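Notes follow once the structure below has been shown.
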Amino acid sequence: MTMNILQDLVLTLFILSSAWLIFRERKVRLGVIVSEGGKKYTDGRQGIVTTIGRSLSSDVRLKEHSVSRLQAVISYNAKTKRYDMTEYGKIGSCSNGYRVASHTLQFNLPVEERCFEFGFIPTILSALFVILQALSVYKSFGSFKAAIPHIILLCFIAAAYIIRADRQPITESVFAILLTYYVDATMYGSTANDFTAGMMSAVIGVVLYTAFSLIMRLFLKIDMDKYNLHPIFRIAAVAAILGIIILNLALAEEKNGAYNWITVGPITFQPSEIVKLLLAFVLIVPTGKQFYSVNNLIIILGTSITCFVYGLMIKDIGVLLQFGIIFVIAVLIQNTNFLYSILMIVAGIAGCKAVLHISSTAAARIEGWLGEGKSLFESLTASGIFDNYDDYGYQPVHALVAAFKNGGLIGNGKFDVLKYIEAANSDLATSMLAQKHGYLILFLLLGMYIVLLFNTVLTLRQKNKTQQVFTCIGISLMVFAMALNLCGTFGIVALTGVVSPAISDGISAAISYGCLFGVISSTSMSKEYLNTIKKGELS
């Protein structure tokens, strides 16, 4: 178990060094200073793009109803020391400052400050971890071919470091580390004599994760505000949702009680993963109109209800829960009317409660998790799974034994408790990893997700508002899915069938979560953010 100890040590150093980089003082001031009568709205740290509007996400928020949700955007050019303003609302004027409603805003150029260094530390540690994982796979299978996915990940880490202006690809490093566990899950059950199929699946999955991460980053570079592309993309997303739902209902196969699987040749995927992304796009993408306008409500409520009914029809609890979290976050971010937000969230909660009365599958899982005569608090201690250990609790009980009793602190590769348990490398992937690497890995995984969360939150202001909104939904879905999978695996909540991002085996998850990682990593500092800085100013 020496290799597991070395990996745990490297992961611990990676988490500590990343946390240090994230929370150390960073004086990055490269945006326009906006003030009014001595009141300062922004100090230049919001980034090269400054937004003015009524939206809660605006850098300069003006609450008058005559102000548009996105009233104006100011772009700063650090090379020419100039700024340009694009006005989307039609009520402002630029004489003696920018006049809008009852406000007169003054713009001042910032005193540039920056501090980017030491980013190579977590990069080197993440690369070292990938190498250790590659050596571990080679030891298991005795073939260098099994390390092909890890070579792809090393190239991914190197590319991320090279293209970043701040040389701190923390998000990409976390992504690469998690994907080494995806390789473990995908190759689970393969033997040294016949590992080709598992290895090829691992390569395909890693390529899909990284490729769709890149595709989403390129998509977010499109200036949808400038070309007014929001309505076009939105209608296209609604049409795609309807098409995928029809395809799912016509061709889906049943698996674990859910009709959410389509097989095309050797590939099996879940259409709901794509629907989830498209629903987020429909609900989140800004339109320049009031959230509760008639046209918006028709699209938002109509699409949400359609997806909700779709989740019921395919009997997938995990999908319903993820649709619910997307809806709630969309309401909170998009709506500036507090009363409407409360009413729509209450309606969403009421809809979730209705699931228990409509869906027998959902009700059975909840009742199995609660156990006989158990309170909600008692069920949170996983007591319900022991009341039904030969039925509902069969998977979680084996997961607990595999992770903690058999795996121990640093892992046990000699005996496999999960060998004959269904979905061991997907729904129960975290338990499978804990059995192999030790349950210490569960705490390290939690640490990496905390690093990912804080790094995302603290770098949000470096991008435009459309990307910020997408990133909020992306990181929320990632953390929510990880929590559902981990807690469901060990019986803390009902097992929903939600896989763990970048860990559990699954081609459809590689597409959807790959896109989400692309959204999240696009928020961090990139060369686009500093491409106007004169040569030689970055160390």
Side-chain angles (χ1 to χ4, degrees), residues 174-175 177-189 198 201-202 204-206 208-209 212-213 248 252-263 267-277 280 311 314-326 365 395-396 398-399 402-403 418 421-436 441-442 445-446 448-449 452 474-517 520:
V174 171
F175 188 22
I177 289 172
L178 292 177
L179 282 176
T180 64
Y181 293 126
Y182 171 82
V183 175
D184 274 359
T186 304
M187 299 183 70
Y188 175 72
S201 295
I204 292 172
V206 168
L208 286 175
Y209 262 112
F212 275 89
S213 171
N248 189 167
E253 301 173 353
E254 187 273 338
K255 187 175 180 180
N256 295 328
Y259 292 86
N260 191 20
W261 302 87
I262 292 179
T263 301
I267 298 176
T268 300
F269 66 96
Q270 294 175 285
S272 63
E273 292 291 333
I274 309 302
V275 173
K276 178 176 65 180
L277 287 177
I314 63 175
K315 299 181 179 181
D316 196 316
I317 301 176
V319 167
L320 284 169
L321 289 173
Q322 291 181 83
F323 286 165
I325 196 69
I326 292 171
R365 287 196 181 187
Q395 288 174 295
H398 279 79
L418 301 173
I421 305 300
E422 189 174 7
N425 62 342
S426 55
D427 296 355
L428 308 180
T430 45
S431 175
M432 183 270 294
L433 293 176
Q435 178 178 246
K436 179 179 178 180
I441 193 63
L442 300 177
L445 285 174
L446 180 61
M448 282 195 292
Y449 266 99
L452 181 66
I475 192 66
S476 299
L477 280 175
M478 292 282 295
V479 173
F480 186 67
M482 184 276 294
L484 274 182
N485 178 268
L486 187 63
C487 294
T489 296
F490 300 116
I492 300 173
V493 301
L495 190 63
T496 59
V498 175
V499 299
S500 188
I503 292 178
S504 299
D505 182 29
I507 296 298
S508 50
I511 297 174
S512 61
Y513 290 120
C515 288
L516 293 182
F517 266 111
I520 296 169

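All figures in this text were calculated on a predicted structure; none of them were measured in a lab. Along the sequence shown, residues are numbered consecutively beginning with 1.
If you take OG1 on T430 and CG on L442, they are separated by 6.5 Å, rounding to the nearest 0.5 Å. Taking CD1 of I274 as the start and OG of S272 as the end, the distance is 8.5 Å to the nearest 0.5 Å. One finds the CD1 atom of I314 at 8.0 Å from the CD atom of Q270 (value rounded to the nearest 0.5 Å). Distance OH/Y513 to CE/M478: 7.5 Å, rounded to 0.5 Å. If you take NZ on K436 and CG on L418, they are separated by 13.0 Å, rounding to the nearest 0.5 Å. Taking OH from Y182 and CZ from F175, the interatomic distance works out to 10.5 Å, rounded to the nearest 0.5 Å.
Q395 places a side-chain N or O within 3.5 Å of a backbone atom of E422 that can act as its donor or acceptor partner. Proximity of a side-chain donor or acceptor of T180 to a complementary backbone N or O of I177 within less than 3.5 Å is detected. Under the 3.5 Å distance criterion, the side-chain polar atoms of S504 are left unmatched by any main-chain donor or acceptor of V499. With hydrogens and angles disregarded, a donor-acceptor distance shorter than 3.5 Å links the side chain of Y209 to the backbone of A502. Between the side chain of N425 and the main chain of A185, a donor-acceptor pair closer than 3.5 Å is present.
Here the closest non-hydrogen pair linking L477 and Q322 is CD2-O, 4.2 Å. The two residues A399 and S431 come nearest to each other via the heavy atoms O-OG, 2.8 Å. The heavy-atom pair separating T186 from G198 by the smallest distance is CG2-O, 3.7 Å. The two atoms that bring Y449 and M482 nearest to each other are CE1-CG, 3.4 Å, heavy atoms only. The two residues M432 and A424 come nearest to each other via the heavy atoms CB-O, 3.6 Å.
A 4.5 Å side-chain heavy-atom check between I441 and Y181 finds at least one atom pair inside the cut-off. Counting heavy atoms from C-beta on, the side chains of P271 and N260 come closer than 4.5 Å. A 4.5 Å side-chain heavy-atom check between L178 and M448 finds at least one atom pair inside the cut-off. Side-chain contact between L452 and F517: present, with at least one pair of heavy atoms (C-beta onward) separated by less than 4.5 Å. Contact annotation: the side chain of E253 never approaches that of Y259 to less than 4.5 Å [non-hydrogen atoms, C-beta and beyond]. The closest side-chain heavy-atom distance from L179 to I503 is not below 4.5 Å.
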Which atom pairs, one a donor and one an acceptor, fall under 3.5 Å between side chains of residues 485-494 and the rest of the protein, sequence neighbours left out?
from: N485; atom 1: ND2; to: D427; atom 2: O; distance (Å): 3.0
from: N485; atom 1: ND2; to: V498; atom 2: O; distance (Å): 2.9
from: T489; atom 1: OG1; to: D427; atom 2: O; distance (Å): 3.1
from: T489; atom 1: OG1; to: N485; atom 2: O; distance (Å): 2.6

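If you check the side chains of E273 and S512, you find a donor sitting under 3.5 Å from an acceptor.
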